[in-house]
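Working notes for the structure below.
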Amino acid sequence: MQFARLNGVVIHHQVIGAAPDRPTIVFANSLGTDYRIWRDVIVRLVGDFAIIAYDKRGHGLSEAGPGEITMDDHIDDLAALLDHFDAKNAIVCGLSVGGMIAQGLAAKRPDLVRALILCDTGHKIGTQDMWDARIAAITEQGIAGISDAILERWFTKSYRSADNADFTGYRLMLERTPVQGYVGTCAAIRDTDLTRTSAELAVPAICVVGTEDGSTPPQLVGELARLIPGAMYQEIPGAAHLPCIEKPVELTEIIKAFIDRLPSA
Ligand SMILES: O=C(O)CC1=CCC(=O)O1
């Protein structure tokens, strides 16, 4: 396991190296998950790319830090992690809130970002009332009290079978997320609107979404693709909010094809 203290918070991460001429891809995870969601994509990229995956603050084995969590905290943590490894020109692949962090990083530290792969995300996700209600429910009942509803948005019906050990495993990942990190990140999402900054991004981008996504549906991700100048848009049939888990082969092909078409760094 690898840990680094960044911005006063211990961040758990994993680096898989590659030849020095290979591009770096960094993976940012979604609300209630940690970097293990990328496993089935990462194993298909090893050797061709240097890979950095990390648990954002308050998730997985990363500390939450004292007090509130803001989107700037998440963005600054990713910037610090890339600076820690002197990784300029990274291809940043973020899912859901991880995609918001990626957009925010490209706006704040364009020197670090060569391209964006934005999975199941938006420039603004949900409404103030929706996030306030979720924070209240989790503060009262814990994550397990509302995990069924969350998992319905994450996964297709066929994946959510009692016989599917993977589905049980991801339920455990969600329910074991520290409440402080989870509700802190809900508040960070609630308070973030990237409409203005993402409309001004000048970086190659692709927006990808599972056709059955119940959290950031194709309509929202399509809007994001139209907002970011020159961004591409692609749907993945048979996946919901987490194509990296339900359709890793398809997502990896999209990632590789997108990177193949990038102008050289
Ligand atoms: O839990 C959800 O509804 C899905 C989600 C929204 C933002 C995020 O990162 O995940």
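The shown structure was predicted, so the numbers you read here are calculated from the model rather than taken from an experiment. Counting starts at 1 for both ligands and their atoms, in listed order.
Taking Ile146 as the reference, Arg134, Ala137, Ile138, Gln141, Ile150 meet the side chain to side chain contact (heavy atoms under 4.5 Å, CB included) condition, with sequence neighbours excluded.
A distance of 4.5 Å separates CG in Leu95 from OG in Ser30, rounded to the nearest 0.5 Å. Put simply, CG on Asp120 and CG on Leu220 are 10.0 Å apart, with the number rounded to the nearest 0.5 Å. Rounded to the nearest 0.5 angstrom, Asn89 CG and Leu82 CG are separated by 10.5 Å.
Checked by atom type and distance alone, the side chain of Ser96 never pairs as donor or acceptor with a backbone atom of Gly98 at under 3.5 Å.
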Mind listing the N or O contacts between ligand 1 and protein, cut-off under 3.5 Å?
residue, atom, partner, partner atom, Å
ligand 1, 1 (O), Arg134, NH1, 2.9
ligand 1, 1 (O), Trp154, NE1, 3.4
ligand 1, 3 (O), Arg134, NH1, 3.4
ligand 1, 3 (O), Arg134, NH2, 2.8
ligand 1, 3 (O), Arg153, NE, 3.4
ligand 1, 3 (O), Ser215, OG, 3.1
ligand 1, 9 (O), Leu31, N, 2.9
ligand 1, 9 (O), Ser96, OG, 2.9
ligand 1, 9 (O), Val97, N, 2.9
ligand 1, 10 (O), Ser96, OG, 3.0
ligand 1, 10 (O), His241, NE2, 3.4

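Within a 6.0 Å radius of CD in Glu140, other residues, nucleotides and ligands contribute 12 heavy atoms or fewer.
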